[in-house]
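Reading through the structure tokens given below for one structure.
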There are 2 protein chains.
Amino acid sequence: MATAQQLFHERGYDAVSVADVTDALGINPPSFYAAFGSKAGLYQRVLDYWTDTEAIPLADILRPDVPVADAVAAMLEEAARRYAFNPAAGGCLVLEGTRCNDDDAREAARALNLGAETFIHDYIAARHPEAADQVTDFVATTMSGLSAKARSGHDLSRLLATARLAGSVLTQVLPA
Amino acid sequence: MATAQQLFHERGYDAVSVADVTDALGINPPSFYAAFGSKAGLYQRVLDYWTDTEAIPLADILRPDVPVADAVAAMLEEAARRYAFNPAAGGCLVLEGTRCNDDDAREAARALNLGAETFIHDYIAARHPEAADQVTDFVATTMSGLSAKARSGHDLSRLLATARLAGSVLTQVLPA
DNA sequence: GGCATTTTGTAATGGTTACTACAAATAGAT
DNA sequence: ATCTATTTGTAGTAACCATTACAAAATGCC
């Protein structure tokens with residue numbers, strides 16, 4: 001499962017063939033389909049696995065006992081760190097998955113992303129209800145951009161600088 | 001050429017087959033290959049056409065007679081407007097092209113994007129040399145995010161609000 | 001009008017895709 | 001050890017991809 005995740009993260013859903021997966025896993029196509037049902041089925045399981053192992057722990061970062069702006073800024077920086085962690089598999093598995101050309105896989109990734117955005121929105125809205133919509137959009141857009149730029153070569157220091165710049169908006173618009 | 005551009009913009013390079021193009025253009029494959037050489041060749045020409053007709057006029061927006069922060073913020077807002085203009089073909093043709101799975105097409109789009117980022121960088125560096133790197137990265141990342149979110153449903157008002165929020169950073173870090 | 005050249009349409013080529021039918025091998029149970 | 005049930009490997013299917021061979025039609029030229 002970890003190797004499948006790595007494949008999807010490195011190349012993206014569309015560019016990974018089931019032959020790639022079966023080769024990497026050392027199994028044959030019938031075993032693959034007995035185990036996962038389809039390529040999209042494997043992707044679902046990979047997303048679940050990712051959620052349990054590598055997803056940003058939003059609940060730990062977005063804490064009620066710190067200023068909202070600080071918490072969200074910390075989340076952006078953590079995203080930058082994770083997106084740059086493996087240069088061969090840059091960006092966010094889920095955000096990149098929302099842009100693939102397979103309907104099932106894209107909707108699965110979008111659903112996961114929507115859940116995360118809802119979580120962020122609710123966190124912000126608890127203390128800044130009137131700014132939550134705008135700020136959530138801004139943060140989600142920034143994370144999409146960070147993921148995209150991670151894939152096209154921006155290294156950790158550049159992503160972090162961008163994340164900090166974006167974070168500086170939050171302290172302006174979300175006063176403690 | 002305009003219809004080919006629309007196809008690529010709506011569906012992305014990978015999801016457009018040459019059969020789609022030949023159908024839309026009302027021509028047959030041999031005519032297509034006589035005219036464009038290859039699918040990537042057509043894409044090159046579409047990028048050139050786009051540069052001449054629909055690209056954001058950076059030279060007009062990034063003027064030497066306005067504060068850098070204002071000009072760059074205006075560019076972000078203009079990007080938001082253009083990315084949302086056609087809901088069926090959201091985002092930026094070039095930025096989306098940099099993420100496709102074909103080597104030739106991706107490099108062509110990347111080259112065009114790199115030129116734009118260099119232009120922006122030089123504009124900023126002329127008056128804020130120490131901040132140019134960071135700010136250019138931030139602006140490029142924001143535009144990538146705006147393009148991505150335009151494709152996944154954010155409408156004009158949401159993109160504009162995000163662009164304005166991002167623009168507010170610039171007035172902080174690039175004092176007039 | 002007759003000839004050469006270019007354009008066009010049909011149909012195919014080789015490659016890759018996700019996905020399976022089927023037979024051989026293996027494992028488990030008693 | 002024998003019989004059954006499951007797993008495995010080989011090979012293949014049907015669809016789609018970008019690209020092209022080839023013949024028919026249309027055009028331009030004199």
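In what follows, every chain begins at residue 1, and chains take the letters A, B, ... in the order their sequences are listed.
Both cation-pi conditions hold for B/Lys39 and B/Tyr13: the charged atom is under 6.0 angstrom from the six-membered ring centre and inside a 45 degree cone around its axis.
Of the listed nucleotides (C/dT10, D/dT19, D/dT10), D/dT19 has the atom at the smallest distance from the side chain of B/Ser38.
Salt-bridge check for B/Arg82 with B/Glu54: failed, with every basic side-chain N at 4.0 Å or more from each acidic carboxylate O.
The interatomic distance linking B/Asp102 (CG) with D/dT19 (C1') rounds to 14 Å, in whole Å. Going from atom CG of A/Asp103 over to atom P of C/dA18 covers 15 Å, rounded to whole Å. For the pair B/Ile27 CD1 and C/dT10 P, the computed distance is 14 Å after rounding to whole Å. One can place OH of A/Tyr43 at 21 Å from C1' of C/dC19, the figure rounded to the nearest angstrom.
Counting only residues at least two apart or in different chains, side chain to side chain donor-acceptor pair (under 3.5 Å) contacts with residues 136-146 of chain B comprise A/Arg158-B/Asp137.
Heavy atoms of other residues, nucleotides or ligands lying less than 6.0 angstrom from CZ of A/Phe119 number more than 12.
Of the residues A/Val139, A/Asp70, A/Val68, the one that meets the side chain to side chain contact (heavy atoms under 4.5 Å, CB included) test with A/Leu170 is A/Val139.
Summary of the strand contacts: A/Phe32 and B/Pro29 both lie near DNA chain C, and taking for each the nucleotide with the nearest heavy atom, the more 5' one is attributed to B/Pro29.
Between B/Tyr33 and D/dT20 there is no side-chain polar atom (N or O) within less than 4.0 angstrom of OP1 or OP2.
The closest side-chain donor-acceptor pair between B/Ser17 and B/Asp20 falls under 3.5 angstrom.
DNA chain D is contacted by B/Val16, B/Ser17, B/Val18 of residues 7-26 of chain B, taking any non-hydrogen atom closer than 4.0 Å.
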